[in-house]
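See below for the structure under consideration.
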2 protein chains.
Amino acid sequence: MLKISKKADYALMALQHIASVQFGDVTPGRVVNTKEIAEEYNIPLELLAKVLQVLSKNGLIESHNGPKGGYLLARSARQITIAQILESIEGPLAITDCSHEKDGDYCMQREHCNIRTPLLKIQDSIYQLLNNMTLGDMMGGTPLITIQSPSAQGVER
Amino acid sequence: MLKISKKADYALMALQHIASVQFGDVTPGRVVNTKEIAEEYNIPLELLAKVLQVLSKNGLIESHNGPKGGYLLARSARQITIAQILESIEGPLAITDCSHEKDGDYCMQREHCNIRTPLLKIQDSIYQLLNNMTLGDMMGGTPLITIQSPSAQGVER
DNA sequence: TTTAGTGCGACCATATTGATCGGAGATCAT
DNA sequence: ATGATCTCCGATCAATATGGTCGCACTAAA
C-alpha cells in the first residue's frame, strides 16, 4: 500500500550516490557511470541504466557519452526535491485517479462521489511533504521538516 | 504513483455512506446493505461485497445476516481513521519494503543502502497524516464540490 | 420452510512493474 | 583520421499485482 516502485528506489539511491561523489571531499566533480552504481548497490545494470536515462531526459542529471563518461547532477542537491524525482520516474503522483480526469475516461462514481474532496486534501499534503524535502536533506543527516496534519485544520467544503 | 487501489476507494465510499446514513437525519440507525451502496455509486456488487467482508473481519463494521440485514459502523465515525481503513484493505502501509524485513528476505542493497533512514521518516509522516484524519472529518453534509482545476498541471521544473 | 441477505473461497483477465536485449552515438588511443 | 571501446538509448519480453467474477454455504426473518 502506497509503496513506491523499485525504479523509484533505484533512482533515489543513484542520485544520492552521484550527489555524494560530486560534492564529497574525496573526488569532487567526478562523473560517475552506471556500472559503478549498479555494483555498489547490487542493482541490475540495465534497469538502473534505464532509470538514469529517464532522469537525464527529465533534466535532473546530465549525461556524458564515450569512455570516461557518466552522469552528473544537473543542479544543486538542494534544488532537487523528492517529489521531482518520484514524478520523473513514475509520472504525476496522485493517490486517486479523479485528480486528473481526461475527457475520455472519467470515473463512474464521480457524480455521487463523496470522498473526492478529502482525498484531494490528503494528496496535496503528501505532495507538499515530498516537495519540501530535497536530495540535499537526504544526505548529511540533516533533520527533516516536520509536517503538520491537515486534519488539524479540518476538511473544508 | 502512490496511488491507492480501487478497493480502498470503494471502502472509503462505502464507509462514508454507511456513516452518513447511520448518523444522518433521515433514517438514523438504519442498516445499509451491499446492493444499496453498489447501485448508488456504480460499484461492482461482488467486489464491494468482498471489500465489506474484509472491513467487517477487521472490526471496522458489524454485519447483520438475513433479510433486512446489512452493515453498521462498529464504532463512532470519529474513531475510525483513514489509516485504519486503508491498512484494513491493503495491509500495512509502507512506502518501502525494507521497513518490515522478515528474516527470509531482506533487500540486497541493505548493507550499502543510503536512503533507508530518510524514507522511513517520510513514511512515518504520511502515516501520521492519515492516522490523524478520521471518517468523521470526511463527512459534513455538503458533498460534490466540483472543482474545475486547469491549474492541475502547474508543476514547473 | 421459503426467501433475501451476508460470508467465504477459488478462479480468471488485465494492467503495471521488473528485467532484458540489441543497436546507436560519442570519445579516447593509436 | 580511424578504429576500437565504452557509454547512452529505445524497443521488447516476462513476472507480479490488481481488478473483477463466479458459485455455494450459512444465517435470520417472514
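So that the names make sense, note that chain A is the first sequence line, chain B the second, and so on, each numbered from 1.
If you take CD1 of B:Ile89 and P of D:dT18, they are 13 Å apart, rounded to a whole angstrom. Counting to the nearest Å, the C1' atom of C:dA15 and the CD atom of A:Glu90 are 15 Å from each other. With rounding to whole Å, A:Leu48 atom CG is found 12 Å from C:dA19 atom P. Look at CG on B:Leu55: it is 14 Å from P on C:dT6, rounded to the nearest Å. For the pair B:Asn42 CG and D:dG20 P, the interatomic distance rounds to 12 Å; values are reported in whole Å. Between B:Leu45 atom CG and D:dC22 atom C1' the separation is 12 Å, expressed in whole Å. Going from atom CG of B:Leu2 over to atom C1' of C:dT16 covers 15 Å, rounded to whole Å. Rounded to whole Å, the distance from CD on A:Gln53 to C1' on C:dG23 is 12 Å.
In this model, the phosphate group of C:dT27 is not approached by any side-chain N or O of A:Asn65 to a distance below 4.0 Å at OP1 or OP2. Side-chain N/O atoms of A:Tyr10 include one lying less than 4.0 angstrom from OP1 or OP2 on C:dA19. Between B:Thr34 and C:dG5 there is no side-chain N or O to OP1 or OP2 distance below 4.0 Å.
Smallest separation of non-hydrogen atoms from B:Ala11 and B:Leu55: CB-CD1, 4.0 Å.
Taking for each of A:Lys50 and A:Tyr71 the nucleotide of DNA chain D with the nearest heavy atom, the 5'-most of the two is the partner of A:Tyr71. When the nearest nucleotides of DNA chain C are assigned to A:Gly66 and B:Ser56 by heavy-atom distance, the more 5′-ward of the two goes with B:Ser56.
The side chain of B:Lys6 lies closest to D:dG20, out of D:dT21, C:dA26, D:dG20. Checking C:dG5, D:dG19, D:dT21 against every side-chain atom of B:Lys7, the shortest atom distance belongs to D:dG19. Ranking D:dC8, C:dC28, D:dA29 by closeness to the A:Ser63 side chain, first place goes to D:dC8. In the set D:dC22, C:dA19, D:dT5, D:dC22 carries the atom at the smallest distance from any side-chain atom of B:Glu46. The B:Leu47 side chain lies nearest to D:dG20 when the options are D:dT7, D:dG20, C:dA4. Among the nucleotides C:dT6, D:dC8, C:dG18, the one closest to any side-chain atom of A:Ser5 is C:dG18.
When side chains are defined from C-beta on, B:Met138 counts as touching B:Ile82, because their heavy atoms get closer than 4.5 Å. Annotation: side chain of A:Leu73 is in contact with side chain of A:Ile61 (closest heavy-atom distance under 4.5 Å).
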Verify side chain to side chain contact (heavy atoms under 4.5 Å, CB included) between A:Tyr10 and A:Leu52, making sure each step is shown before the conclusion. CA-CA 9 Å; A:Tyr10 297 158; A:Leu52 291 177; over 6 Å; no

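Interatomic distance, B:Ile4 CD1 to B:Asp9 CG, rounded to the nearest 0.5 Å: 4.5 Å.
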